[in-house]
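Structure first, then comments.
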Amino acid sequence: MTTAAPTSIEMSPADLREILKLTRAASPDEACGLVVGRREGDTLIVTRVVEATNVVQPDDRPKRFEVDPETRIRLEKRLRGTPDELIGHWHSHPFGPPSPSARDLAQAYEPELIWLICAPDTSPPLTAWRADPKAGGFRPIPVLIAKEIS
Ligand SMILES: [Zn+2]
């Protein structure tokens, strides 16, 4: 991935629907997964969203998430030698807000990964963020829902 931060993210309506479906199915727990894509200029193009188990303790799942590390390892192996790469992860806030929590900030170990957050009852239901450790927070990135992604 190049050095400058992407200025927008493009994803298909089908991938947005998939995240919404998984979010509603997991509610009141947080759903989570990984995001695959590629960079084109200043834009990150999402080519696939992947479901993962939220591996935190069951009692914590309505408030926290952790993507199953096995899913990530398998996915990164599959992506080797393809034009696509792991560009980030997604998780849900079943009851909002559509912005990163203090817990999310504490978990932002990998500033190059994009965070997608799905809050199904807000508009828009999906927001994208990039951790900015120097600023001590997250910066929003606009999400464009494309008609079709080639
Ligand atoms: Zn969160």
Side-chain angles (χ1 to χ4, degrees), residues 1-39 42-76 78-79 84-146 149:
M1 198 173 286
T2 49
T3 48
T7 54
S8 64
I9 294 179
E10 226 175 86
M11 89 190 283
S12 70
D15 284 337
L16 174 60
R17 279 197 303 273
E18 174 74 3
I19 290 178
L20 279 165
K21 188 187 85 184
L22 295 168
T23 289
R24 294 200 169 103
S27 183
D29 291 350
E30 290 193 4
C32 63
L34 296 164
V35 183
V36 173
R38 55 179 182 252
R39 179 120 181 193
D42 290 336
T43 304
L44 274 178
I45 314 280
V46 174
T47 52
R48 187 150 58 104
V49 295
V50 175
E51 179 181 15
T53 302
N54 180 355
V55 294
V56 300
Q57 293 300 314
D59 287 353
D60 290 337
R61 282 179 205 153
K63 293 275 172 207
R64 294 184 51 215
F65 80 99
E66 191 180 321
V67 171
D68 184 351
E70 287 293 327
T71 303
R72 178 168 173 172
I73 291 165
R74 280 201 304 274
L75 180 66
E76 287 189 300
R78 273 209 307 274
L79 292 173
D84 290 350
E85 61 182 328
L86 178 71
I87 58 169
H89 50 71
W90 65 271
H91 75 286
S92 65
H93 288 174
F95 307 107
S99 52
S101 66
R103 279 191 192 86
D104 291 336
L105 186 59
Q107 279 185 279
Y109 312 118
E110 296 178 280
E112 73 281 9
L113 292 183
I114 296 301
W115 290 59
L116 296 181
I117 298 180
C118 179
D121 300 323
T122 63
S123 181
L126 189 77
T127 55
W129 306 82
R130 192 179 173 88
D132 184 349
K134 281 191 204 123
F138 283 91
R139 286 177 191 280
I141 303 174
V143 182
L144 310 167
I145 304 301
I149 291 180

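Note that these values count all heavy atoms, side chains included, but never hydrogens, waters or copies made by symmetry. Quick caveat: nothing in here was measured; it's all calculated off a predicted structure. Every number for a ligand or one of its atoms is a count from 1 in the order of the listing.
Residues Trp129 and Asp104 are not in side-chain contact: their nearest non-hydrogen atoms beyond the backbone lie 4.5 Å or more apart. Using a 4.5 Å heavy-atom threshold, the side chains of Asp29 and Pro62 count as touching.
Residue Asp104 approaches the Zn ion (ligand 1) most closely through its N/O/S atom OD2.
For the atom pair Thr43 OG1 and Ile141 CD1, the distance stands at 10.5 Å (nearest 0.5 Å).
Between NE2 of His91 and NE2 of His93, the angle at the Zn ion (ligand 1) works out to 100°, rounded to 10 degrees.
Looking at Arg61, its side chain does come within 3.5 Å of a backbone N or O of Asn54 through a donor-acceptor pair.
Residue Glu30: no N/O/S atom is found under 2.8 Å from the Zn ion (ligand 1).
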